[in-house]
Amino acid sequence: MSEAASESRTNATEYTVSEISGALKRTVEDVFGNVRVRGEISGYRGPHSSGHAYFALKDDRARLDAVVWKGTMSRLKFRPEEGMEVIATGKLTTYPGKSNYQIVIDNLEPAGVGALMALLEERKRRLQGEGLFDAGRKRRLPFMPRVIGVVTSPTGSVIRDIIHRIKDRFPLHVLVWPVRVQGETSGVEVTNAVAGFNALAWDGAIQRPDLLIVARGGGSLEDLWGFNDEALARAVAASGIPVISAVGHETDWTLIDLVADVRAPTPTGAAEIAVPVKADLEATLASLGARLKAAVLRNFERKRQAARAAARALPSPDQLLALPRRRLDEATSRLGRGLMVSTERKRARFVAVKLTPTMLSQRIAEARRTNERNLLRAQGALRALARARRAELNRAADQLPKCARASLQRHRQQLALLQGRITIEPTARRQRVQRDFLAALTRRGTQAVLIRLERLRGRIVQADRLMATLSHKAVLARGFALVKDADGAVIKQAADVASGMALSLEFADGTADAVATSGAARPKPAAKPSAKTPVAKSREPGNQGSLF
């Protein structure tokens, strides 16, 4: 019995682990070579560094591992996201290394429109929570942009409609950034286009646009899904250039419509929003110009009428100048008489002074004597003061060593008493201290003498200036001459001059000898003035005639 049981066990075929794993792999792949599996994405963390994506599909009762290879990942119409319900198409296979099975996905699509709408609503709530839809962060569009950037397909009818509408309304420069507007790469291309326009420099070879238009024609939710990309919404929100969203028809809404600064119902409407009508602007400018011209003319007319009214209220020039003209005539008539009266007054004052050469000579002689006395007194006083100061300085210099030694000895004794002992300084040090003290006193005495001498010198200079002012030489410099006889005595009167008398004439620049040709004589009576000869008073000896 035991031998039969042993033979039955040995009749079973033996397989290796690899053979079993390979058989299972072939069976699963043959039976489930092409399947469609509906489930919720779980454990998705994005593509691996190799480019492959690993996650799981699950429902309420089971879980299925899934993998998307790198080549398939780039062909997907949308990116997988955690918690998204999808329909995966592919084949089942096993992984012998872990004795489990998985689905290799060839295609991935949302599980109906409801799933896409749920995903869109979830993105909308997240972006709205971050404040990207707030009206306060949106900017005003430029009224008249110089350059407009358009992000759209270069081959569709959208770009032709936009360019045609801009050309009709307000022709300007349009830059087109070609992108795909449908498919799995459309969102990335539009995002790069918005970032590329913002990266342009204002003064570069390609001028940076003042306004951006992101446009696309209408379509289903799947067709417009690229414009619901979260990265595109954030790029539009961060754009430094105002953005107009013109995606789909008026009833179509995408995330970019909520983030953009302005949403246009159609691409043609975006062109109408972007630029004004040039003809309307020209008509408005013409109307405003006409109104301005009419207002200026009316203002000028009002000013002219006001000026005319003011002119009528003002008196005429003759009336304004009548009174000043009369005062001028009266002053002119009184001018001649006033000049004659003033001349007579000046003549009377001049005669009353009796300015004569004799009087000038007397005053000059008195001033000279006074100056000489003052000079002699000043010189004597200066010499006496210098002698007294020198004697005082000599006495002080004689007494200075004694006083210095006594003072030094006294201070040394006081210092020794304070210290409780008497210290006798070395002789050389004591002599050096005395010598320094005596030198300091000598410098102070010399400085005091110099200061005193400088003050006396200044007083002498002032006295000299006063003497020069009162000297007769200043009078000679004005054209007068000093007459002296042969002995050098000053001749003050004409009566002292005799015929043939030798005279010495002193001028400002020297002296000259002269001989008198006649003596003093009585003046002849003045001739009777004629009508053509000016009247002049007679000159008596010692007097000066009138200057008038």
Donor-acceptor contacts under 3.5 Å from residues 282-299 side chains, at least two apart:
unit_1: T284; atom_1: OG1; unit_2: D280; atom_2: O; d: 2.8

Measure across L211 and P242 and return the closest heavy-atom pair with its distance rounded to 0.1 Å.
-> CD1-O, 3.4 Å

Using the side-chain contact (heavy atoms from CB on, under 4.5 Å) rule, take W177 and E189 through it: C-alpha gap first, then chi angles, then the decisive distance, then the call.
-> CA-CA 10 Å; W177 194 298; E189 292 185 11; over 6 Å; no

Mind listing the closest non-hydrogen atom pair of L132 and R137 along with its distance?
-> O-NH1, 3.0 Å

Taken to the nearest 0.5 Å, the spacing of R123 CZ from E230 CD works out to 6.5 Å

Can you tell me how far CG of L281 sits from CZ of R169, rounded to the nearest 0.5 angstrom?
-> 9.5 Å

Are R373 and T370 side-chain neighbours, meaning at least one heavy-atom pair lies under 4.5 Å?
-> yes

Check: G338 main-chain N/O paired with S342 side-chain donor or acceptor under 3.5 Å | no

Decide if atom CD1 of I206 counts as having more than 12 heavy atoms of other residues, nucleotides or ligands within a radius under 6.0 Å.
-> no

If you look at every heavy atom in A512 and F507, which pair is closest and at what distance?
-> CB-CE1, 4.1 Å

Does some side-chain heavy atom of H48 sit less than 4.5 Å from a side-chain heavy atom of K70?
-> no

Residues L224, W253; criterion side-chain contact (heavy atoms from CB on, under 4.5 Å); working and verdict | CA-CA 9 Å; L224 303 179; W253 281 87; over 6 Å; no

Does a salt bridge link E130 with R126, judged by any charged N lying under 4.0 Å from a carboxylate O?
-> no

Short question: side chain of R216, backbone of G248 - any donor-acceptor pair under 3.5 Å?
-> no

Full working for salt bridge (charged side-chain N to carboxylate O under 4.0 Å, His left out) between R368 and E372 | CA-CA 6 Å; R368 183 184 297 108; E372 292 176 353; 5.1 Å; no

Would you mind reporting whether L482 and I491 have side-chain heavy atoms less than 4.5 Å apart?
-> no

Does any non-hydrogen side-chain atom of V275 lie less than 4.5 Å from one of P145?
-> yes

Looking at NE2 of H164 and OG of S157, how far apart are the two atoms once the value is rounded to the nearest 0.5 Å?
-> 13.0 Å

Between Q207 and W202 the two heavy atoms that sit nearest each other are CG-O, 3.8 Å

Would you check if F170 and M144 make a side-chain contact, meaning some heavy-atom pair closer than 4.5 Å?
-> yes

In plain terms, say whether R363 and E366 are close enough for a salt bridge, that is, a side-chain N and a carboxylate O under 4.0 Å apart.
-> no

List the steps, then state whether side-chain contact (heavy atoms from CB on, under 4.5 Å) holds for L175 with V150.
-> CA-CA 6 Å; L175 294 177; V150 180; over 6 Å; no

Do L503 and K484 have side chains that get closer than 4.5 Å, going by heavy atoms?
-> no

Heavy-atom neighbours of F480 CZ exceed 12 at 6.0 Å = no

What's the verdict on salt bridge (charged side-chain N to carboxylate O under 4.0 Å, His left out) for R125 and E122, showing C-alpha distance, side-chain angles and the deciding distance?
-> CA-CA 5 Å; R125 285 193 301 271; E122 192 275 332; 5.7 Å; no

Rounded to the nearest 0.5 angstrom, the CD-CD1 distance for E272 and I244 is 11.0 Å

When rounded to the nearest 0.5 angstrom, what is the spacing between CG in D210 and CG in L172?
-> 9.0 Å

Result block: side-chain N/O donor-acceptor pairs under 3.5 angstrom for residues 255-270, not counting sequence neighbours:
unit_1: D257; atom_1: OD1; unit_2: S245; atom_2: OG; d: 2.2
unit_1: D257; atom_1: OD2; unit_2: T254; atom_2: N; d: 3.0
unit_1: D257; atom_1: OD2; unit_2: T254; atom_2: OG1; d: 3.2
unit_1: D261; atom_1: OD1; unit_2: R139; atom_2: N; d: 3.0
unit_1: D261; atom_1: OD2; unit_2: R139; atom_2: NH2; d: 3.2
unit_1: D261; atom_1: OD2; unit_2: V243; atom_2: N; d: 2.9
unit_1: R263; atom_1: NH1; unit_2: E250; atom_2: O; d: 3.4
unit_1: R263; atom_1: NH2; unit_2: H249; atom_2: O; d: 3.3
unit_1: R263; atom_1: NH2; unit_2: E250; atom_2: O; d: 2.9
unit_1: R263; atom_1: NH2; unit_2: D252; atom_2: O; d: 2.6
unit_1: T266; atom_1: OG1; unit_2: G269; atom_2: N; d: 3.1

Over all heavy atoms of both residues, which pair between I241 and F197 is shortest? Give the atoms and the distance, please.
-> CD1-O, 3.8 Å

Is there side-chain contact between V190 and R180, with at least one heavy-atom pair below 4.5 Å?
-> no

In this structure, are over 12 heavy atoms from other groups packed under 6.0 Å from R377 atom CZ?
-> no

Decide yes or no on salt bridge (charged side-chain N to carboxylate O under 4.0 Å, His left out) for R304 and E301, but give the supporting numbers first.
-> CA-CA 5 Å; R304 189 180 294 109; E301 186 62 28; 2.7 Å; yes

Should S153 and V179 count as side-chain neighbours, where that means a heavy-atom distance under 4.5 Å?
-> no

Kindly check if the number of other-residue, nucleotide or ligand heavy atoms within 6.0 Å of CD (Q447) is above 12?
-> no

Taking every heavy atom of I162 against every heavy atom of A215, the minimum-distance pair comes out as CD1-CB, 3.7 Å

Please answer whether the main-chain N or O of G240 pairs with a side-chain N or O of N198 as donor and acceptor at a distance below 3.5 Å.
-> yes

Rounded to the nearest 0.5 Å, the CZ atom of R457 sits from the CG atom of L450 at a distance of 8.5 Å

N/O donor-acceptor pair under 3.5 Å between D229 side chain and A231 backbone = yes

